[in-house]
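To start, the structure itself, in structure tokens.
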Amino acid sequence: MIRLSGITPSGHVHVGNHLGAIRRWADEGGPDDLYFVSDLHAMTNAHNPAKLRSMASEQLAVLIAAGIEPDRVFVQSDIARELGALNWVLECTCNYGEAARMIQFKEKSKGRAGVRLSLLTYPVLMAADILLQGADEVPVGEDQRQHVELARTLAKRFNTTYGDVFTMPKAVLPPAGARVMDLAEPTRKMSKSTKEEAGVIFVLDEPDQVRRKVKRAKTDGGSKPAYAPETRPGMANLLDILAACTREKPEVLADRFDSYGQVKEAVAEALIEELRPVRERALALLRDPGELERVRKAGAVRAAERGEHRLQSALRLIGAG
């Protein structure tokens, strides 16, 4: 059973990414699970090439530092030739209507001029990511389920039309992870790409930065801490973060504190300790570009080798090989 998960380097990795997904990948991932940095997907909108390259390296380092085995990790663009070839095969299998009715394309292109063609076609590239590696399952949120269904449609159509090559992937909802909201605006999720970083704690933040951001976190009215997500989202967010770090229930934790200040102090210390080993290992990797490059190249070789026979079979059957 192969499960494939990706993370897009649209910004620095934050604590929501860590608590909601990366830590679970490291703790619970199966021996055949694969994880990749989807840097090509970050190019569907205007971007800074140097920053994208830096963010991809940072995310690779964080994944490994979190405890994911290096032989299960790769960077998407390192197998761009293989993906590009399969992407074209799949574009020749997909029709325009299927791509154009993707909900994310409709939402992200609405009211915008100069929309990049890649915003329309990137679900086909996502299908290539999935099908090249022979993934059986793809853990995704509801916003990406439609894209996995497209991959399944294209796999079935190719197999039926030209010959049996691709595994039929299935979208699966991952186990519920920590829901981490922005500290400055607890009604919105913490985001890598936000322009307002005051409410975002990044995995590589210094301890003093973590303390400062938590201290300034927005809280709500009330004389005593209580876990009430609907009416007191700021305090609920802090308690959710503390619960994720300590692996306890937020309702239970709320009863241990008499003031907001005590909650914030506990959250800051828990976050610092939770992130400390990941931060230290990731920074050590980033300070040793030779080692990180070695790991990256090895991951690229393995990823290309895993998909080579599928790519060559697909090219031959469609008449290109």
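Bear in mind that the values here come from a model prediction, so they are computed numbers and not experimental data.
Between Glu273 and Arg276 a salt bridge is recorded (basic side-chain N to carboxylate O distance below 4.0 Å). One finds a salt bridge joining Glu206 and Arg279 here, because a Lys/Arg side-chain nitrogen approaches an Asp/Glu carboxylate oxygen to under 4.0 Å. Between Asp205 and Lys213 there is a salt bridge, with a side-chain nitrogen of the basic residue lying less than 4.0 Å from a carboxylate oxygen of the acidic one. The pair Asp182-Lys189 does not meet the salt-bridge criterion, since no charged nitrogen lies less than 4.0 angstrom from a carboxylate oxygen. Taking 4.0 Å as the cut-off between side-chain N and carboxylate O, Glu269 and Arg211 count as a salt-bridged pair. A salt bridge links Arg294 with Glu291: the closest approach of a Lys/Arg side-chain nitrogen to an acidic carboxylate oxygen falls below 4.0 angstrom. Here Glu142 pairs with Arg145 in a salt bridge; the nearest charged N to carboxylate O distance falls below 4.0 Å. The pair Arg53-Glu58 does not count as a salt bridge, with every side-chain nitrogen at least 4.0 angstrom from each carboxylate oxygen.
If you check the side chains of Asp129 and Gln133, you find no donor sitting under 3.5 Å from an acceptor. For His147 and Gln144, the side-chain atoms include at least one donor-acceptor pair closer than 3.5 Å. Judged purely by distance below 3.5 Å, without hydrogens or angles, the side chains of Asp240 and Tyr227 pair a donor atom with an acceptor atom. Checking Asp39 against Ser77 by side-chain atom types alone, a donor-acceptor pair falls below 3.5 Å.
Taking the ring centroids of Phe202 and His14, they lie at or beyond the 6.0 Å cut-off.
Looking at Lys156, its side chain never comes within 3.5 Å of a backbone N or O of Ala151 through a donor-acceptor pair. With hydrogens and angles disregarded, no donor-acceptor distance shorter than 3.5 Å links the side chain of Asn87 to the backbone of Ala128. Under the 3.5 Å distance criterion, the side-chain polar atoms of Arg3 are left unmatched by any main-chain donor or acceptor of Val172. When atom types are taken as modelled, the side chain of Glu137 and the backbone of Met1 share no donor-acceptor pair closer than 3.5 angstrom.
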Open item on the list: For a side chain to side chain contact (heavy atoms under 4.5 Å, CB included) check, start with the C-alpha distance between Tyr260 and Leu238, then their side-chain angles and the critical distance, and finish with the verdict.
Closed with: CA-CA 10 Å; Tyr260 288 6; Leu238 290 173; over 6 Å; no
Task: Glu274 and His18: CA distance, side-chain angles, deciding distance, side chain to side chain contact (heavy atoms under 4.5 Å, CB included) verdict - done: CA-CA 10 Å; Glu274 172 70 31; His18 171 74; 2.8 Å; yes
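In the displayed structure, Lys224 atom NZ is contacted under 6.0 Å by more than 12 heavy atoms of other residues, nucleotides or ligands. Within a 6.0 Å sphere centred on CZ of Arg116, other residues, nucleotides and ligands contribute more than 12 heavy atoms.
Classification of the Phe36-Phe74 ring pair by plane angle, with boundaries at 30° and 60°, yields parallel.
Counting only heavy atoms from C-beta outward, the side chains of Arg157 and Thr153 approach each other to under 4.5 Å.
Partner of Leu286 under the side-chain contact (heavy atoms from CB on, under 4.5 Å) criterion, chosen from Val62, Leu292, Leu60: Leu292.
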